[in-house]
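Everything on this sheet refers to the single structure shown next.
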Amino acid sequence: MTEIERHSYDVVVIGAGGAGLRAAIEARLLGKRTAIVCKSLFGKAHTVMAEGGAAAAMGNVNSKDNWQVHFRDTNRGGKFLNNWRMTELHAKEAPDRVWELETYGALFDRTPDGRISQRNFGGHEYPRLAHVGDRTGLEIIRTLQQQIVSLQQDDLRDHRDAEGMIKVFAETTITSLLKDGDRMSGAVGYTRENGTFVVFEAPAVILATGGIGKSYKVTSNSWEYTGDGHALAMKAGATLLNMEFVQFHPTGMVWPPSVKGILVTESVRGDGGVLKNSEGKRFMFDYVPAVFRKQYAETEEEADGWYDDPSGNRRPPELLPRDEVARAINSEVKAGRGSPSGGVFLDIASRLPAESIRKKLPSMYHQFTELADVDITAQPMEVGPTCHYVMGGVEVDPDTAAAVVPGLFAAGEVSGGMHGSNRLGGNSLSDLLVFGRRAGEGASAYVDALGSARPAVTDLDVEDAHRAAEAPLTTSGGENPYAIHADLQQTMNDLVGIIRTASELEEALGRLEELKARVKKVSVVGNKVFNPGWHLALDLPNMIIVSECIARSALMREESRGGHTRDDFPAMSAEWRKVNLVCRPAGDGVEVTRQPLLPMPPELLSLFDREELNKYMTDEELAILPPETEREKSPEMSQVNSEETKA
Amino acid sequence: MGYNARFKVWRGDNTDGDLEDFTVEVNEGEVVLDVIHRLQATQTPDLAVRWNCKAGKCGSCSAEINGRPRLLCMTRMSAFAEDEVVSVTPLRAFPVVKDLVTDVSFNYEKARQVPAFAPPPELALGEYRMDQLDVERSQEFRKCIECFLCQDTCHVVRDHEENKESFAGPRFFIRLAELDMHPLDVRDRTREAQETHGLGMCNITKCCTEVCPEHIKITDNAIIPMKERVVDTRYDPLVWLGNKIPRRSGAAASRSLHSGDVTTAEAQARGRLRQKPTDTTALTTLQQALHGQGRFADAAGASRSRVEHAGRVRTARQGALAAHAWELLCAVESGQLDLDGVEDEIATTLQQAQRLTSTGTVLAGTHALHHLVHGRLAEAAEHAREAIVWDRDRATRADDLVTLSEGLAGLGESEEAASALAESQSLWPDNPRLAGVRSNLDDMNVHGRPTPAASVDEG
């Protein structure tokens, strides 16, 4: 057996995006020896792609904002399938998490009185997103990266070892989690640089691996988004929640073909951009669903008035939650009113002076000039839906981010529940800060509680994992991993996309079985030194199993809600709202079961108008709602409600 | 429009390797990274390339295309003729791991040598207050995606491995500049840049700026200003502090120093001076507090004491002399002092200050005001314009815009004068000089109105 590198830590964090870095910072601050293991270089994680901002009810731009309004917007956006406790913690803690970044050196854009500026975004009642132009994700990742370096500088000063307490293992991929009995005992993987196999012995493992977008052909996600954390968790015995909910961002680039899917930030619409079809019509007015009608403008005049006078006008329908906008664009294109390259037009050029476009949306200006020869200050962009985010993920305890397997934790996109059936823009950056910190705290508390009773790693498990990882290199004459990947992406795009039907989902499941068989015979050329073919071969089983979770859950959920639209069940069902779908491994596939959604407690339910709840809940649920008088007991909350009625 | 392109791609590792020839299909709108991916999928599955977002945001896919450091994902194939052979090679300044992937750990080691942001400990969460204009300077540098193309192209290390130990490179000069210009950072970064990170080895050939995919003006906005300040402030913490706070701003300085109003600041400074009349810090505060109240003649009295007690340290002397000339000029401009009575003192002070100054630009604003009080309007406008190009903080810029506005108004350029005045007012509405200047300009029908804040704010 070849040499294996061994490390021992208190906490191993897999993934170095916002959630992973924030978790690692917390674990280190709580005195835990912490390893950060990531597939890319330190500071390159997918978080850099986030453009719009981090949602936090600081109330800097509109003082009416508070956690209750944010809580309400989040649950409304998720169509009441959210884990209420996660949305409560998220709304309450997001402001502190954002302010904390300032103490690490982050430089957000400012209000005239010098506080953090906040911008409008789809589904958020008030301007709420802390931002830096349209490169907020980069600011957050760099800030957290620099904070980790700062902690390492402290450790160098205090312990003469910069990497003694917190160390980054960059370009290292985890292929398996290890267990001792029913508890986590560590993780194994390989380094890209030389193919060395690495074992991390650790009682606590935090998954912060992000999403699954690389299973789709048109996606805003990078190659890293292969669903590793989802697959690792499930293989280790954890459960995945509501995997059918995949967010298609309404505005990805559609031309040129090679950049299809690259994100066009929602800030374009938040700052005044409008969507038009080939007839020049602002079509979003035709797509305001009944549940949102009260909050959105009915005329262009009213919509345009909102930017300057948000209390006297209702919001423009371009700022509906992402699922609504994505479906609307899909419908316009299908009806033959699309743009030449198969999208619709997003026009900011006729709405803002060129100078302010360049100032407010510098990356977008840059991106379109460089990649598409389009000057967005002079002509409209062509945009269409792109696979962007998975709402489903590892089922976790809201307060500690603990999965059902002792010692396993998950935060950020890889976790489930927080965003319900549809995530609001801006809520992912705040999600990863809030729950990244909680995961670091939860893992540390778990390690403390273990005391000296540490789980052990067995050599047999390590050898098994090692052999499995080397298999594609020792097989010859098998399938090319790139071909399998292309087929998987095409399958998911064609059959498990924005609009789904039972027959197509069944077909997809059939094709996934074929892919599963093919991937077992995959073979790669070359050796273990930075060999992308080998890396892809190891990622493929993860992508396929996660795709199966999505397809099976999508087939089972016979309704349309948020990021899951069934052509054969187009309506939202109050009965299905009470149901979470849970994935577990079964054989070499996946089994999906129903599990009741935890009901929201009365004091939080009272934040919503009865009229609104009527649209979502069953008669039985409505019958046991607290009487309206409940609300009068809390003057702050009733004020919030009356504000909404006015708006 | 698909065609077959000819590529030469470097294959190998740190010990051996060579350019390998490929013919590969290219389609409309593709970038070089698409072609590399096609090679992986169809011809060379183990071709190593580092990439991530494919949208120019992560800075992973750095390599050299036809010898130029570029991002593979932001280099469009349409930039090359169809019959052109395109070469793709790994970054030259770093050791090769395999094919196009290099070992960039040098950069992570250097990153760890730059002390982190040092926040003011007394501020609690949510209490940070910073002006948009002030954060924008650092924000430019925080656009950096760490592609390390600037590090690769910098000739100090590109072919001189031996320099790597003592030279941090452009990426970390902008990191230092970013921290230096951070409104709340409390460390002396300029000195660190020079003494620890090899700023002096850079001879500003601007190669780094040319290759920056984020179009950060590395040389002009980070390296040159730091080099200037190294010369101005070396080994003098007092002057460094003076640079951290707006240099000529009475009100703003007091706000930073005492978080109170100018009269409180004045009282505190006087209190300290009663105990130690030669305390130059207190004298500086007093001068700035008096300036903030528009009492320029009194401020000139304080700056005169500053000059007397400045000692022999070059930079401290230079700072005191510059401040004194400035106060005298403001006093003359506002009519608090008579030009004839103080012209000799102004001229001598300015001359001495200039002799201690490294570049012509540092005192350009002061020279502009000097010309103005003598009625040499064209010269005043010219020097003010030059000053504005180099101004580093909003108060100084606001002041120089006032001078410019007055000069232009006198020359009959009332429209331009009004817009300079407007910008000045929006930068620093409480500038004590404005009170006096406004009536002058009103006589000439020049009214500046501050630009609406909306253009800066996202509300």
Side-chain angles (χ1 to χ4, degrees), chain A residues 40-44 46 48-49 58 61 95-96 99-100 102-105 107 109-115 117-119 127 131-132 135 138-139 142 146-147 149-150 152-153 162 193 222-224 255-259 262-263 356 360 363 367 370-371 480 482 524-526 529-533, chain B residues 13 27-31 34 40-42 45-60 74 76 97-99 101 103-104 108 111-112 114-117 119 123 125-126 128-132 135 138-139 142-146 178-179 182 185 214-215 453 455-459:
Chain A
S40 287
L41 291 173
F42 187 29
K44 305 291 183 202
H46 201 263
V48 301
M49 303 286 284
M58 297 181 284
V61 171
D96 274 355
W99 283 322
E100 210 164 55
E102 285 198 306
T103 70
Y104 300 167
L107 283 172
D109 288 349
R110 318 305 296 181
T111 63
D113 64 350
R115 293 187 285 179
S117 180
Q118 299 184 269
R119 69 154 46 111
H131 59 273
V132 186
R135 56 160 191 88
L138 174 67
E139 183 71 12
R142 199 65 78 233
Q146 287 165 350
Q147 179 62 14
V149 168
S150 170
Q152 291 179 326
Q153 290 168 349
E193 184 177 349
S222 78
W223 68 265
E224 299 188 288
W255 194 94
S258 71
V259 301
I262 292 182
L263 197 63
S356 14
K360 290 185 174 192
S363 317
Q367 180 174 314
E370 307 257 328
L371 292 177
N480 176 346
Y482 296 96
V524 296
V525 300
V529 176
F530 220 111
N531 184 344
Chain B
D13 58 25
N27 298 312
E28 189 184 11
E30 287 187 334
V31 293
D34 289 313
Q40 284 182 330
T42 58
D46 63 340
L47 170 62
V49 60
R50 193 181 267 135
W51 71 288
N52 241 25
C53 73
K54 203 174 171 287
K57 291 183 198 301
C58 74
S60 299
M74 295 302 276
R76 299 182 69 187
V97 173
K98 183 185 164 193
D99 303 340
V101 176
D103 174 1
V104 292
Y108 290 93
R112 210 179 282 154
V114 178
F117 170 57
L123 290 181
L125 286 188
Y128 284 36
R129 296 289 180 274
M130 294 178 263
D131 283 331
Q132 179 63 31
V135 301
S138 294
Q139 280 180 335
R142 289 184 73 84
K143 288 196 308 195
C144 171
I145 57 174
E146 296 202 328
E178 166 219 319
L179 290 163
H182 190 302
D185 184 74
E214 288 295 307
H215 307 301
S455 64
V456 177
D457 172 52
E458 284 282 352

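To find a chain, count down the sequence lines: A is the first, B the second, and so on, and within it residues start at 1.
- Listed here is the closest heavy atom pair of A/Ser40 and B/Asn52: OG-OD1, 3.0 Å.
- Only the side chain of B/Lys98 comes within contact range of chain A, judged by heavy atoms closer than 4.5 Å.
- At a 4.5 Å heavy-atom cutoff, the contact between B/Pro119 and chain A is made by side-chain atoms alone.
- For B/Ala111, the part lying under 4.5 angstrom from a heavy atom of chain A is the backbone only.
- Neither the backbone nor the side chain of A/Val524 comes within less than 4.5 Å of any heavy atom of chain B.
- A/Asp96 touches chain B through backbone and side chain together, each having a heavy atom under 4.5 Å away.
- To the nearest 0.5 angstrom, B/Leu125 atom CG is 9.0 Å from A/Glu102 atom CD.
- Interface residue A/Gln153: only side-chain heavy atoms are found under 4.5 Å from chain B.
- Only the side chain of A/Leu138 comes within less than 4.5 Å of a heavy atom in chain B; its backbone stays farther off.
- If you measure heavy-atom distances from A/Thr103 to chain B, the contacts under 4.5 Å come from both the backbone and the side chain.
- Only the side chain of A/Arg135 has a heavy atom closer than 4.5 Å to any heavy atom of chain B.
- If you measure heavy-atom distances from B/Leu123 to chain A, you find no contacts under 4.5 Å at all.
- Heavy atoms of B/Arg142 lying under 4.5 Å from chain A belong to its backbone as well as its side chain.
- Distance check: A/Asn531 CG to B/Gln40 CD gives 9.0 Å after rounding to the nearest 0.5 Å.
- Of the listed residues A/Val132, A/Leu371, A/Asp113, the one with more heavy-atom pairs under 4.5 angstrom with chain B than any other is A/Leu371.
- Heavy-atom minimum distance, B/His182 versus A/Leu107: NE2-CD2, 3.4 Å.
- The contact between B/Val104 and chain A is made entirely by side chain atoms (from C-beta outward), counting heavy-atom distances below 4.5 Å.
- Pairing each heavy atom of B/His215 with each of A/Glu370, the nearest pair is NE2-OE2, 3.8 Å.
- Proximity to chain A involves both the backbone and the side chain of B/Val135, based on heavy atoms less than 4.5 angstrom apart.
- Residue with the most contacts toward chain B among A/Gln147, A/Glu193, A/Arg142, A/Glu100: A/Arg142 (heavy-atom pairs, distance under 4.5 Å).
- Top candidate by heavy-atom pairs under 4.5 Å with chain A, chosen from B/Cys53, B/Ser138, B/Gly56, is B/Cys53.
- With a 4.5 Å cut-off on non-hydrogen atoms, A/Tyr104 touches chain B through its backbone but not through its side chain.
- Rounded to the nearest 0.5 angstrom, A/Trp223 CH2 and B/Arg50 CZ are separated by 10.5 Å.
- Here the straight-line distance linking atom CD of A/Glu224 with atom SG of B/Cys58 works out to 8.0 Å at 0.5 Å rounding.
- In this structure, the side chain of B/Lys57 does not engage the main chain of A/Met49 through any donor-acceptor pair within 3.5 Å.
- Here CD of B/Glu146 is found 9.5 Å from CG of A/Leu41. Values are rounded to the nearest 0.5 Å.
- Partners of B/Asp34 under the side-chain contact (heavy atoms from CB on, under 4.5 Å) rule, at least two apart in sequence or in another chain, are A/Ser258, B/Glu30, B/Val31, B/Lys54.
- A/Ala162 pairs by the side-chain contact (heavy atoms from CB on, under 4.5 Å) definition with A/Gln152, A/Leu156, B/Arg112, not counting sequence neighbours.
- For A/Ile262, the part lying near chain B is the side chain, with the backbone staying farther off; criterion is any non-hydrogen pair under 4.5 Å.
- Checked by atom type and distance alone, the side chain of A/Lys44 never pairs as donor or acceptor with a backbone atom of B/Trp51 at under 3.5 Å.
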